[in-house]
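Order of the sequence lines sets the chain letters (A, B, ...), proteins ahead of strands, with each chain counted from 1.
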Amino acid sequence: MADKIKTTISHLNNCVDHEVTLSGWLYNSRSSGKLVFLILRDGTGLCQCIVEKEKMPEDVFDAVKHLGQESSLRVTGLCRAEPRSPGGHEIAVTSVDIVCPTNDYPITPKEHGVDFLMKNRHLHFRSQRQWAIGKVRHTVIDAIRRFFNDNDFTLIDTPIFTTIAGEGEQTLFEVDYFGRPLHLAQTGQLYLESAAMAFGKVYCFGPTFRAEKSKTRRHLTEFWMVEPEVAYTDLPGLLELGENFVSFIVQKVLEDNRAELEMLGADIAHLENIKAPFYRLTYTEVADILTSDRTVKFMADQLAAFNARKTEIEKQLADIDAQTKAGGMKKWKQEKNARLTIELRSELSELETKIENNPKHAQLAADFKWGKDLGGSDETIISLMHDKPVFITHYPKKAKAFYMKTDRSNDKVVENFDLIAPAGFGEMIGGSVREDDYDYLVERVKEEGYEPESYDWYLDLRKYGSVPHGGFGLGVERTVAWITGEKHIRQCIPFPRMMDKVYI
RNA sequence: UCCUCGAUAGCUCAAUUGGUAGAGCGAGCGGCUGUUAACCGCUAGGUCGUAGGUUCGAGUCCUACUCGAGGAGCCA
């Protein structure tokens, strides 16, 4: 017999037929007389551990049998392949070291409400779903850094306390900086432009703060954004960079986290299809689509599909109700039905919201006038019509930020783009070519009602060796939500900060 | 800010439509040699969000407030 190996569950495939020690927490346990099945969690996976009464001192066996969920413990035993165990291996336990026995752990293996879980966020992390999302988030962030580092970009850290606005002043968090008002960064872009003139290709990656009064499943007030900025590029160059970047992230997650994606019920076939090139539409083309018969039909088809599903669910619920009333049902069947009922009801209420919103969204699309910014529902319609992300370019100048470059062939639009994620999650990337002409830029600053003096250093960049350049920002949490299929962005960041809610 | 829905055991939900508050999970005790959100039996656990009102009688009806969820606007 070899020496005991101290290892983790993720490395058990190298330890079959060896004596190993695992350190972790009790995820769940079952007992049956002379056997206890411990499901151990160690942060790398789950593993079933078998404790047999005959092979244990009686007091140890009793202690193990009564161990509560999330007790911390070390187990030692023989590792063997076992297809019935969650990770494919199990440990035939020879000794158990209870580190901290636990009672009354609040999060049970059953369903919980959102509010309860968020208030227990510090413990909620331990559950499988949150763990899987955390692993995917890690890969997304790793892929982001890898992509830029491997493509000759230099990381530039931009400040979090900022002196000038990038996106819009009404969404800035103001802080008292020793008596002087500064703002939390809502973008690193302006600083990054100066760095691009020094390094050529740069990116920044950090937290971003926006005081938007947005209470939706797509918004956080503190979120993570990565922003590349490239000197000597143009709009086609930026689109190519964007699609290669997003494809790389998705493929990396597919490579590293397939098991997590499966656990989360993500749409893997859809993700495998995410490869450059993506679709390209101009804002004007999108406006035409939104007001076309195609959209009318698309919305009507959607409504019909929603209603059909609604009827189906209602029938299922009525069936369950009738069965229950008829009586004589086995207990396990009753419980299964109760679970199903809760699921069906929640799907039903979601459907009802969609059915209620559909005509409004159809109307908004039909009434769309050239010049308006695209609304969330408009983006959703466009994204649902496509099986891959869609670039929308050349928005009206009036709807966009002052630093975006005016299209010299049509001065009503700017050379910008948004990338809309498929499946209705909305905008994932926003970017543009930057205005590089001094006079144009001063004019735009004035039009926005800002003082050119407060943009002195930014305007300098157009005086000293100005070049065509541009970049974009990608929201990490929206990307994670899209890839994992998670419905709410608050599950995609460890400790979410929302407009009206900061839990712990 | 506006609209809709909700608040009952530690958690997730019921309560025959105004008539003595229930179930599962979790907790405690017991049973079972292979379980998969295991199963079976027993036990404990409640000022029905708060304050008023209607009524012989309110978890259920009305008013106000508090808190939560979903949606709208704006955005990555």
Distance between [atom1] atoms of [N] and [M] (Å, rounded):
N: U33(B); M: G49(B); atom1: C1'; answer: 49 Å
N: G52(B); M: G10(B); atom1: P; answer: 24 Å
N: C3(B); M: U54(B); atom1: C1'; answer: 29 Å
N: A7(B); M: U60(B); atom1: C1'; answer: 14 Å
N: G6(B); M: U20(B); atom1: P; answer: 23 Å
N: U8(B); M: G22(B); atom1: C1'; answer: 10 Å
N: C67(B); M: C75(B); atom1: P; answer: 29 Å

- Out of C32(B), C75(B), G71(B), minimum distance to the side chain of Lys215(A) belongs to G71(B)
- Task: Among the candidates A76(B), G34(B), G70(B), find the nucleotide nearest to the side-chain atoms of Leu35(A).
- Result: G34(B)
Show me the donor-acceptor pairs within less than 3.5 Å that the side chains of residues 26-35 of chain A make with the rest of the protein, sequence neighbours left out.
none

Using a 4.0 Å heavy-atom cut-off across all strands, classify [X] as base, sugar-phosphate, or nothing.
X: Arg490(A); answer: sugar-phosphate
X: Ser349(A); answer: nothing
X: Lys360(A); answer: nothing
X: Ser32(A); answer: base
X: Asp373(A); answer: sugar-phosphate
X: Glu82(A); answer: base
X: Ile39(A); answer: nothing
X: Leu364(A); answer: sugar-phosphate
X: Tyr27(A); answer: nothing
X: Gln128(A); answer: nothing
X: Glu54(A); answer: base
X: Thr216(A); answer: base
X: Gln48(A); answer: base

- Would you mind telling me which of Gln186(A), Glu212(A), Arg210(A) makes a side-chain hydrogen bond (donor to acceptor under 3.5 Å, both in side chains) with Thr171(A)? Gln186(A)
- Which comes earlier along RNA chain B counting from the 5' end, the contact point of Phe223(A) or that of Glu356(A), where each point is its nearest nucleotide? Glu356(A)
- Task: Would you mind telling me which residue lines up with the more 5' stretch of RNA chain B, Asp500(A) or Gln69(A), judged by nearest nucleotide?
- Result: Gln69(A)
- Note on the structure: Hits for ring-ring contact (aromatic ring centres under 6.0 Å, His included) against Phe125(A), two or more places apart or cross-chain, chain-then-number order -> Phe495(A)
Separation of [X] atom [atom1] from [N] atom [atom2], in whole Å?
X: Met499(A); N: U1(B); atom1: CE; atom2: P; result: 8 Å
X: Glu70(A); N: A27(B); atom1: CD; atom2: P; result: 12 Å
X: Arg497(A); N: A76(B); atom1: CZ; atom2: C1'; result: 19 Å
X: Gln491(A); N: A69(B); atom1: CD; atom2: C1'; result: 13 Å
X: Leu26(A); N: U35(B); atom1: CG; atom2: C1'; result: 14 Å
X: Asp115(A); N: G49(B); atom1: CG; atom2: C1'; result: 13 Å
X: Lys65(A); N: A38(B); atom1: NZ; atom2: P; result: 16 Å

Taking OP1 and OP2 of [N], is either one under 4.0 Å from a side-chain nitrogen or oxygen of [X]?
X: Asn103(A); N: G26(B); answer: no
X: Arg30(A); N: U35(B); answer: no
X: Arg217(A); N: G71(B); answer: yes
X: Asn28(A); N: U35(B); answer: no

- Message: Between Ser247(A) and Glu243(A) (side chain of the first, backbone of the second, donor and acceptor by atom type, cut-off under 3.5 Å), is there such a pair?
- Response: yes
- Using the benzene-type ring in the case of Trp, are the ring centres of Phe153(A) and Phe147(A) under 6.0 Å apart? no
- Task: Report yes if the ring of Phe37(A) lies under 5.5 Å from the six-membered base ring of G34(B) with planes under 30°, and no otherwise.
- Result: no
- Query: U17(B): syn or anti, with syn meaning chi within 90° of zero?
  - Reply: syn
- Whether Trp370(A) and Tyr283(A) hold their rings parallel, tilted or perpendicular, with breakpoints at 30° and 60°: perpendicular
- Task: Side-chain contact test, heavy atoms from C-beta onward, threshold under 4.5 Å: evaluate it for Tyr279(A) versus Lys388(A) and give yes or no.
- Result: yes
Under 3.5 Å donor-acceptor pairs involving side-chain atoms of residues 43-60 of chain A, not counting sequence neighbours:
unit_1	atom_1	unit_2	atom_2	d
Thr44(A)	OG1	Ile9(A)	N	3.3
Thr44(A)	OG1	Ser10(A)	N	3.0
Thr44(A)	OG1	Asp42(A)	OD1	2.7
Thr44(A)	OG1	Asp42(A)	OD2	3.4
Gln48(A)	NE2	Glu90(A)	OE1	3.1
Glu52(A)	OE2	Lys55(A)	NZ	3.4

[X]: which residues meet the side chain to side chain contact (heavy atoms under 4.5 Å, CB included) condition with it, sequence neighbours left out?
X: Met263(A); result: Gln128(A), Trp131(A), Ala132(A)
X: Ile160(A); result: Leu184(A), Pro207(A), Phe209(A)
X: Ala185(A); result: Thr162(A)

- For RNA chain B, list all stems, counting runs of three or more consecutive pairs where every pair is Watson-Crick or G-U wobble with both distances under 3.5 Å. B:1-7 with B:66-72, B:10-13 with B:22-25, B:27-31 with B:39-43, B:49-53 with B:61-65
- Can His219(A) and Arg478(A) be said to form a side chain to side chain contact (heavy atoms under 4.5 Å, CB included), step by step? CA-CA 9 Å; His219(A) 284 90; Arg478(A) 284 191 182 176; 3.7 Å; yes
- Partner residues of Thr233(A) under the side-chain hydrogen bond (donor to acceptor under 3.5 Å, both in side chains) criterion, sequence neighbours left out: none
- Task: Give a yes or no on whether a donor-acceptor pair under 3.5 Å exists between the nucleobase atoms of G71(B), that is its base, and the side chain of Arg218(A).
- Result: no
- Go through the N and O atoms of the side chain of Glu90(A) and the base of G34(B), and report whether any donor-acceptor pair is under 3.5 Å. yes
- Message: Please encode protein proximity along nucleotides 8-14 of chain B as a string of B, S and -, counting only heavy-atom distances under 4.0 Å.
- Response: ---SS-S
